[in-house]
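Take a look at the structure set out below.
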Amino acid sequence: MSAPISDAASDVKKGLEGVVAAETRIGDVDGQHCQLIYRGYNIDELAGRATYEEVSYLLLFGTLPTRAQLADWTRQLDAHRALEPKTLAILQSLPHQTGPMALLRTMTSVLGLDESESVDDTLEQMRQKAVRAVAVIPTIVAAIGRLREGKIPVMPKAGLSHAANVLYMLSGSVPTDGQAQALDAYFVLLAEHGLNASTFTARTVVGTKSDYFSAVTAAIGTLKGPLHGAAGRKAMDMLFEIGTPEQVTPYVQRTLADHKRFMGFGHRIYKGEDPRAKHLKRIAKQLGEASNDLKWFAISEQLQEAVQKAKGLYINVDFYAASLLYYLGIAPELFTAMFACARTAGWSAHIIEQASDNRLIRPLAKYAGPMDLRFTPLDARR
Ligand code: COA
């Protein structure tokens with residue numbers, strides 16, 4: 001017997017495709033024109049010109065900071081960047097060979113334990129927690145990376161920028177200006193992206209009046225999936241599998257024949273090329289040139305052309321992010337966690353926006369199961 005369908009529930013939008021579920025002043029993902037806007041600024045205006053410190057401030061407070069505001073914001077980030085010894089001890093007690101995103105999700109939840117009664121944060125409490133999360137999540141990621149390699153975690157160095165500190169805490173040495181600028185640009189480009197799955201999750205959590213760290217923890221769990229944040233790592237695996245520029249064509253043919261997906265290609269919203277991709281491509285090339293190793297860039301560029309020709313698919317943010325991060329010496333298993341570092345600013349802005357004009361997020365589902373079944377006693381069931 002089929003279920004009756006109410007009018008309201010009859011029009012199912014699978015994957016909520018095309019559904020406008022929130023009004024926001026934070027960012028605009030314009031799929032038709034392939035543009036990305038942060039608080040009114042086209043990403044092309046910001047890439048390579050504004051630092052992650054400036055952009056995280058922009059996302060959280062709505063305007064680019066003045067010199068004095070930036071100095072104060074940088075001071076606040078510096079003050080929260082180090083991991084407290086008790087938090088580091090918890091991280092050290094966890095099984096390090098567990099995936100980095102599972103460790104990061106767990107440790108973000110641990111950050112929430114540090115707060116006094118966290119249910120029903122005020123907006124000011126959320127802002128305080130956002131500063132802390134933006135500052136310390138990269139420290140956790142760097143410590144995870146080092147522990148997985150059997151090394152002792154390195155704490156931040158005063159005087160380094162946010163991005164330079166991440167590279168310093170990962171490798172133990174101060175990066176070149178070019179390396180720090182490359183990671184900084186990556187962080188800027190990945191800081192915000194509208195109502196993507198992880199941001200929607202964060203807004204849904206805080207929409208129940210749950211606390212800031214519950215929302216960020218849930219967002220990290222959502223970002224972890226290969227159709228969202230983990231595509232960058234999979235894109236790098238694909239480049240490894242291809243191995244040389246000569247192998248691009250056979251790889252494309254094989255993948256098409258097997259009906260498999262090209263990681264770092266395609267997008268739910270953008271109808272053409274992801275507006276972040278050209279910036280990441282330029283930076284990946286610069287890093288390849290600086291390290292006299294253009295192999296990964298060359299494979300990527302050929303693959304981009306071949307897949308677009310064969311399937312009409314455009315690259316997305318994850319494609320050149322893969323070789324960019326790899327050229328910076330970052331292990332592919334940490335790529336999704338690096339994405340989380342960047343996106344913490346965007347998640348935080350959305351959490352605060354949702355909380356400041358909240359309505360419980362509660363869509364409907366169309367019931368498609370049986371109806372009017374009669375209870376069967378246990379012994380009578382077949
Ligand atoms: N490789 C091969 N084919 C792809 C593809 C890819 N990367 N992305 C989309 N397609 C094809 C699908 O096979 C499908 O073809 P079909 O209609 O013949 O079956 C069609 O394009 C539509 O795909 P669909 O998955 O329905 O689109 P979507 O809007 O749900 O997908 C993504 C968006 C991002 C999930 C999808 O493009 C994808 O899986 N990309 C690879 C993972 C990735 O890079 N994710 C990062 C996103 S920023």
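When reading the values below, keep in mind they use all heavy atoms of this one structure, side chains included, and skip hydrogens, waters and symmetry mates. Each ligand, and each atom within it, is numbered from 1 in the order the structure gives.
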Task: Salt-bridge criterion met for Arg75 and Glu53 (N-O under 4.0 Å) - done: no
- [ ] Report yes or no: do Arg203 and His350 form a side-chain donor-acceptor pair below 3.5 Å?
- [x] yes
Task: Distance flag for atom 3 (N) of ligand 1, protein heavy atom under 4.0 Å - done: yes
Open item on the list: Heavy atoms only: which of Tyr270, Tyr314, Phe265, Phe339 lies closest to atom 40 (N) of ligand 1?
Closed with: Phe265
Open item on the list: Counting only nitrogen or oxygen atoms and a 3.5 angstrom limit, does Ala231 reach ligand 1?
Closed with: no
Task: Side chain, backbone, both or neither: the part of Lys311 lying under 4.0 Å from ligand 1 by heavy atom - done: side chain
Open item on the list: I need the contact type for Leu313 against ligand 1. Using non-hydrogen atoms and a strict under-4.0 Å cut-off, is it side chain, backbone, both or neither?
Closed with: side chain
- [ ] Give yes or no for whether the N/O distance cutoff of 3.5 Å, strictly under, is met between His228 and ligand 1.
- [x] no
- [ ] Around atom 39 (O) of ligand 1, find the nearest protein heavy atom and jot down its residue, atom name and distance.
- [x] Arg261 NH1, 2.8 Å
Open item on the list: Tell me the protein heavy atom at minimum distance from atom 47 (C) of ligand 1, and give that distance in Å.
Closed with: Asn316 ND2, 3.6 Å
- [ ] Can you confirm whether something in the protein, heavy atoms only, sits under 4.0 Å from atom 45 (N) of ligand 1?
- [x] yes
Open item on the list: Only heavy atoms of Gly264, strictly under 4.0 Å: list the atoms of ligand 1 that pass.
Closed with: 43 (C), 44 (O)
TODO: Just jot down the ligand 1 atoms closer than 4.0 angstrom to any heavy atom of Gly266, in number order.
DONE: 34 (C), 37 (O)
Task: Arg146 side chain vs Lys151 backbone, donor-acceptor pair below 3.5 Å - done: no
- [ ] Kindly assign one of parallel, tilted or perpendicular to the pair His193 and Tyr270, based on the angle between their ring planes and the thresholds 30° and 60°.
- [x] tilted
Going by atom type alone, with no hydrogens or angles, which donor-acceptor pairs under 3.5 Å involve a side-chain atom of residues 373-382 and a protein atom two or more places apart or on another chain?
from, atom 1, to, atom 2, distance (Å)
Arg381, NE, Thr376, O, 2.8
Arg381, NH2, Thr376, O, 3.0

- [ ] Evaluate the salt bridge (Lys or Arg N to Asp or Glu O under 4.0 Å) criterion for residues Arg39 and Glu192: first the C-alpha distance (whole Å), next the side-chain angles of each, then the deciding distance (0.1 Å), finally the verdict.
- [x] CA-CA 10 Å; Arg39 299 275 191 194; Glu192 152 64 10; over 6 Å; no
Task: Donor-acceptor pair, side chain of Arg233 and main chain of Leu334, under 3.5 angstrom - done: no
Open item on the list: If we count only N and O atoms by modelled type, under 3.5 Å, do the side chains of Thr51 and Glu54 hold a donor and an acceptor together?
Closed with: yes
Open item on the list: With the threshold set strictly below 4.0 angstrom, can you tell me whether any protein non-hydrogen atom sits that near atom 21 (O) of ligand 1?
Closed with: no
- [ ] Quick one: look up the protein heavy atom nearest atom 42 (C) of ligand 1 and list residue, atom name and how far away it is.
- [x] Met263 CE, 3.4 Å
Open item on the list: Closer than 4.0 Å and a protein heavy atom, does any atom meet both conditions relative to atom 15 (O) of ligand 1?
Closed with: no
Open item on the list: At under 4.0 Å between heavy atoms, is it the side chain or the backbone of Asp318 that contacts ligand 1, or both, or neither?
Closed with: side chain
Task: Polar side chain donor-acceptor pair, Arg276 to His279, under 3.5 angstrom - done: no
Task: Sub-4.0 Å protein heavy atom near atom 27 (O) of ligand 1 - done: no
TODO: Starting from atom 33 (C) of ligand 1, find the nearest protein heavy-atom neighbour and note its residue, name and distance.
DONE: Arg268 N, 3.8 Å
Open item on the list: Once ring pair (Phe, Tyr, Trp, His ring centres under 6.0 Å) is applied, what residue pairs with a partner in residues 137-168 remain, sequence neighbours excluded?
Closed with: Tyr52-His162, His162-Phe187
Open item on the list: Looking at Arg127 and Ser348, would you say the former's side chain and the latter's main chain have a donor-acceptor pair under 3.5 Å?
Closed with: no
Open item on the list: Starting from atom 7 (N) of ligand 1, what is the nearest protein heavy atom, named by residue and atom, and what distance separates them?
Closed with: Phe262 O, 2.7 Å
